[in-house]
Amino acid sequence: MRRVIQIIPIVIGITIVTFFLIKMCPGNPLKAMLFNPDIKPEERARLERLYGFDDPIYVQYFRWLTRLLKGDLGWSLYTKRPVTKHILERIGPTALLAGTTLFLSFLIAIPFGILSATKQYSLLDYSSTVIIFFGMSLPIFFLGLVVIYIFAVRFGILPTSGMKTLGIPFSIWDRIKHLILPISVLTFYQIAPVVRYARSSMLEVIREDYVRTARSKGISERDVIYKHALRNALIPIVTLFGLSIPFIFNGAFITETIFAWPGMGRLAVGAVFQRDYPILMGTTLVTAILVLLGNLIADILYAVVDPRIRYK
Amino acid sequence: MGNNPVLEEIEKKIDYTVAKKPITLRSIIWKRFKKNKLAVVGLILRASLVIVEIFSKFIAPYPATTVDFANKKLPPSKEHILGTDELGCDVLSRLIYGARISLSIGLVAVCLYVSIGILIGAISGFFGGWIDAILMRFTDVIISFPWLVLVILVAAILGPSIYNVMLIIGLTGWTTVARLVRGEFLKLKEMEYTLAARGLGANNFRIIFTHLLPNAFAPVLVAATMGVADAIIIEAALSFLGLGVAFPDTSWGQMMHAAQSLSVLSRMPWLWLPPGILISIAVLCINFIGDGLRDALDPKLIR
């Protein structure tokens, strides 16, 4: 409960930072009128008063905040539609991408990490180290381009971009075909930190006293690893689930741009080029709050799974 | 005694070089670093890239930005080993000049954010109380933004240029270092030597800079090394999206920007494959070095 209360000042901080960053962006719709000879200075001043641009900045902030609490993020300057609508449209595809990646990467990475810890210095351990290093070092957009080049351009097996083939009705198989490339690229990146984390967590547990006790009692090595050590090693991994969210967002933003995936990342990157600040503000705010929620869930899960942790 | 032939004989046989070389902390660290083969390979490759950066003017066969429309979009040939781009610039020359910008952006940006991080972390950890609370909440706020979102936002404010990229990464990347330094300081300020220094009348400034900071240095150095690798990737990603380094300045990420169009991607792989490979190698090297440093600097292993 205390964790939930602690989050409030951070949320306020996020809104303040976002608001002032957007205010610092060059240009606003009224400045554009400066160069329009049809609009007289008096007219401009009247509009400024109407929209509240001449108020002190903190008044503007609070006005913005109250609208925000009502769920109103403003209107896109480009499409003239509410920002909330834009984001709601785009959040689904991003969630699909991020969710599948999260699921797949944990499914692959945890056994990999555990095994390479139990067989430290084996071939498997070395190969997982290599994967970690490559996952850390290859720029995600480069790998994306390479897989597009190989699978879409050279062999033509998979589509290069988008969510569906134009002109044919929706089918699951078509959606999966479009998902394969972006998801495998994103998953590759997500695997590296999880393997690393799982490995070091397992290594730590294996050295604990109770594991030695279990061994000395004559329990078979398999039972020691899978019944005693594994469960405790999985505890810190639970938190990684929540902490992965910002990481996934970073990856998804770039992946969406490369694969023309109509998600939040593409919305935000496109908004930068169109100078569509309300959209940019909306996506920034929403992603930051999702990250915060992820951290909160991670903390709560940790306390639930590990009885030693108690938040007072 | 000086003319005793036997003693002189012995004197000659003593190998003073061993005894004269004191075992310093630095030599221990270097010795342990050398044991990590990958780290040494990384260091050698990285050093050779530095040489390329310094002598880029002499190595590059053509100037980086000579526009030559007669010879545009040429595939690799004898005159242009890696071909030419859409403006007729020689790809190999641009790669060589690009090395300088790509790699120096990483270095400058990290220096910037390590300084900010140390400052905030040191103040927060040393003084504690409400200063600590405010600074750490602020850090929490910045951490809540996925870095790419924050970086894109700041890039939109500042506009694309080399110096802005350095500034953007510098202004957004300090959180990890700040938390690290704060954690170390919280631990170190309870140490007895801190108390001793205070007893001797040292002021806060002196305690922070001569007693605490050097002892918090190792983890910061490792974080900074890995940070350079991240900064190179961020620069490349930004420039790739068209928000970072812009023509006529050249960086590896900027060279890959062209591959956003499908025709370049599919028909002119010589434009985007080499810079991509070079970014990967450079970052891989730095990560290897960072990994070697982490093992070498780990105080638990020092004997």
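In what follows, every chain begins at residue 1, and chains take the letters A, B, ... in the order their sequences are listed. Model, not experiment: these values are computed from the prediction.
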Which portion of B:A229 sits near chain A, non-hydrogen atoms under 4.5 angstrom | neither
Of all pairs that satisfy side chain to side chain donor-acceptor pair (under 3.5 Å), the ones with a partner from residues 280-295 of chain A, not counting sequence neighbours | none
B:I277 versus chain A, heavy atoms under 4.5 Å apart: side chain, backbone, both or neither?
-> both
Side chain of B:Q254, backbone of B:S239: donor and acceptor closer than 3.5 Å?
-> no
A:V146 versus chain B, the contacting section by heavy-atom distance below 4.5 Å = both
Which answer fits A:F133, side chain, backbone, both or neither, if we ask what part of it has an atom under 4.5 Å from a heavy atom of chain B?
-> both
Selection from A:I254, A:V291, A:I248, A:I10 maximising heavy-atom pairs under 4.5 Å formed with chain B = A:I10
Going by atom types only, do A:Y61 and A:T15 share a side-chain donor-acceptor pair under 3.5 Å?
-> yes
Output all residues satisfying side chain to side chain donor-acceptor pair (under 3.5 Å) with A:S201, sequence neighbours left out; order by chain, then residue number.
-> none
When A:S137, A:G13, A:A288 are compared by non-hydrogen pairs under 4.5 Å with chain B, the top option | A:S137
So B:F240 and B:H257, would you call those rings parallel, tilted or perpendicular, with 30° and 60° as cut-offs?
-> perpendicular
Given a strict heavy-atom distance threshold of 4.5 Å, which part of B:L273 is in contact with chain A: side chain, backbone, both, or neither?
-> both
